[in-house]
Participant: 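To start, I am sharing the structure in question, which I have written as structure tokens.
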Amino acid sequence: MKLQNPVTSSNFFRRVYALVRQVPRGRVVTYGQIARALGAPRAARTVGWAMRDCPANVPWQRVVNARGEISLRPTSGYHEQRARLKEEGVRFNRAGRIDLKKYGWKKF
DNA sequence: CGAATGACCAAGC
DNA sequence: GGCTTGGCCATTC
């Protein structure tokens, strides 16, 4: 386990959170996009690592993988994320995926 | 400092 | 469309 740190250690993590906080309701972004926006095109995995301990004020539910799917395995977190997105108006197709062309954050 | 970790990704079958 | 493989990378231990 890991000690919980309010403002989380590194600058990189904070940038991740700062960016995610800017994602508007009803929109989603991918880990890869976040990584690129931070100047580390191949650090998508690290972004996911950061999300593991994300602060409460971060809309983590708006972060999905490149396929527009919730990356969490079918845990309680998965269901919560899906429910939150649905509440924001984001639709899932049969395969449980989101149409990024449609719900992707326009900034990207 | 070296090895492990993981809410990723693109390419190949 | 689904499964596997190799690579990437900041953070942790």
Side-chain angles (χ1 to χ4, degrees):
Chain A
M1 309 209 274
K2 163 178 176 310
L3 295 174
Q4 52 80 32
N5 210 346
V7 192
T8 318
S9 38
S10 83
N11 215 292
F12 188 82
F13 274 29
R14 283 195 288 179
R15 281 181 202 168
V16 172
Y17 303 137
L19 187 63
V20 176
R21 269 194 294 264
Q22 294 172 44
V23 181
R25 264 180 69 95
R27 298 275 154 171
V28 298
V29 292
T30 71
Y31 300 91
Q33 289 175 331
I34 294 173
R36 280 185 313 225
L38 296 180
R42 315 206 167 132
R45 305 192 71 170
T46 305
V47 173
W49 203 274
M51 300 313 290
R52 193 172 72 101
D53 274 323
C54 79
N57 59 334
V58 175
W60 53 270
Q61 72 268 24
R62 299 184 190 136
V63 184
V64 297
N65 63 29
R67 289 161 21 183
E69 193 170 28
I70 292 176
S71 206
L72 281 171
R73 293 172 193 180
T75 59
S76 57
Y78 173 93
H79 297 300
E80 184 183 348
Q81 179 167 13
R82 183 157 172 158
R84 286 198 185 194
L85 289 176
K86 182 182 178 184
E87 188 278 327
E88 295 185 358
V90 177
R91 293 197 196 179
F92 289 76
N93 63 22
R94 262 175 306 167
R97 288 188 276 199
I98 299 169
D99 183 350
L100 293 179
K101 300 280 188 185
K102 199 170 177 185
Y103 299 104
W105 188 15
K106 41 195 169 180
K107 180 175 180 179
F108 287 99

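Within every chain, numbering begins at 1; the chains are lettered A, B, ... in the order of the sequence lines, protein sequences first and strands thereafter.
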Participant: Do R45(A) and dC8(C) have a side chain to base donor-acceptor pair shorter than 3.5 Å?
Facilitator: yes
Participant: Could you tell me how far apart L100(A) (CG) and dC9(B) (P) are, to the nearest whole angstrom?
Facilitator: 10 Å
Participant: What distance separates Y31(A) OH from W49(A) CH2, expressed to the nearest 0.5 Å?
Facilitator: 13.5 Å
Participant: Is the shortest side-chain N to carboxylate O distance from E69(A) to R82(A) below 4.0 Å?
Facilitator: no
Participant: Atom CD1 of I34(A) to atom P of dA10(C): distance rounded to whole Å?
Facilitator: 16 Å
Participant: Rounded to the nearest 0.5 Å, what separates atom CH2 in W105(A) from atom CG in L19(A)?
Facilitator: 5.5 Å
Participant: Which of these nucleotides, dA7(B), dT11(C), dC9(C), is closest to any side-chain atom of F12(A)?
Facilitator: dT11(C)
Participant: Taking atom P of dC9(B) as reference, at what distance in whole Å does atom CD of E69(A) sit?
Facilitator: 11 Å
Participant: Students often get this wrong, so: under 4.0 angstrom with heavy atoms, is Y31(A) touching a base, only sugar-phosphate, or nothing?
Facilitator: base
Participant: Between D53(A) (CG) and dG6(B) (P), how many Å, whole number?
Facilitator: 12 Å
Participant: Tell me which of R36(A) and Q61(A) sits closer to the 5' end of DNA chain B, going by the nucleotide each one is nearest to.
Facilitator: Q61(A)
Participant: Distance check needed: dC8(C) P versus R42(A) CZ, whole Å only.
Facilitator: 8 Å
Participant: What nucleic acid atoms does R97(A) come within less than 4.0 Å of, heavy atoms only: base, sugar-phosphate, or nothing?
Facilitator: sugar-phosphate
Participant: Between dA10(C) atom C1' and L38(A) atom CG, what is the distance in whole Å?
Facilitator: 12 Å
Participant: Does atom CZ of R21(A) have more than 12 heavy-atom neighbours, drawn from other residues, nucleotides or ligands, at distances under 6.0 Å?
Facilitator: yes
Participant: How many whole angstroms separate atom CZ of R52(A) from atom C1' of dC9(C)?
Facilitator: 15 Å
Participant: The side chain of F13(A) is closest to which nucleotide in this list: dC9(B), dT11(C), dT5(B)?
Facilitator: dT11(C)
Participant: Can you identify which nucleotide, out of dA10(B), dT11(C), dT5(B), has its nearest atom closest to the A66(A) side chain?
Facilitator: dA10(B)
Participant: Take atom CG of N65(A) and atom P of dC3(C), then tell me their distance rounded to the nearest Å.
Facilitator: 14 Å
Participant: Return the minimal non-hydrogen interatomic distance between L100(A) and A66(A), and the atom names on each side.
Facilitator: CD1-O, 3.4 Å
Participant: Roughly how far apart are Y103(A) OH and I98(A) CD1, rounded to 0.5 Å?
Facilitator: 8.5 Å
Participant: Which residues in residues 86-96 of chain A have at least one heavy atom lying under 4.0 Å from any atom of DNA chain B?
Facilitator: none
Participant: Do the side chain of R67(A) and the base of dG2(C) come within less than 3.5 angstrom through a donor-acceptor pair of N or O atoms?
Facilitator: no
Participant: Is the shortest distance from a Lys or Arg side-chain nitrogen in E88(A) or R62(A) to a carboxylate oxygen in the other one below 4.0 Å?
Facilitator: yes
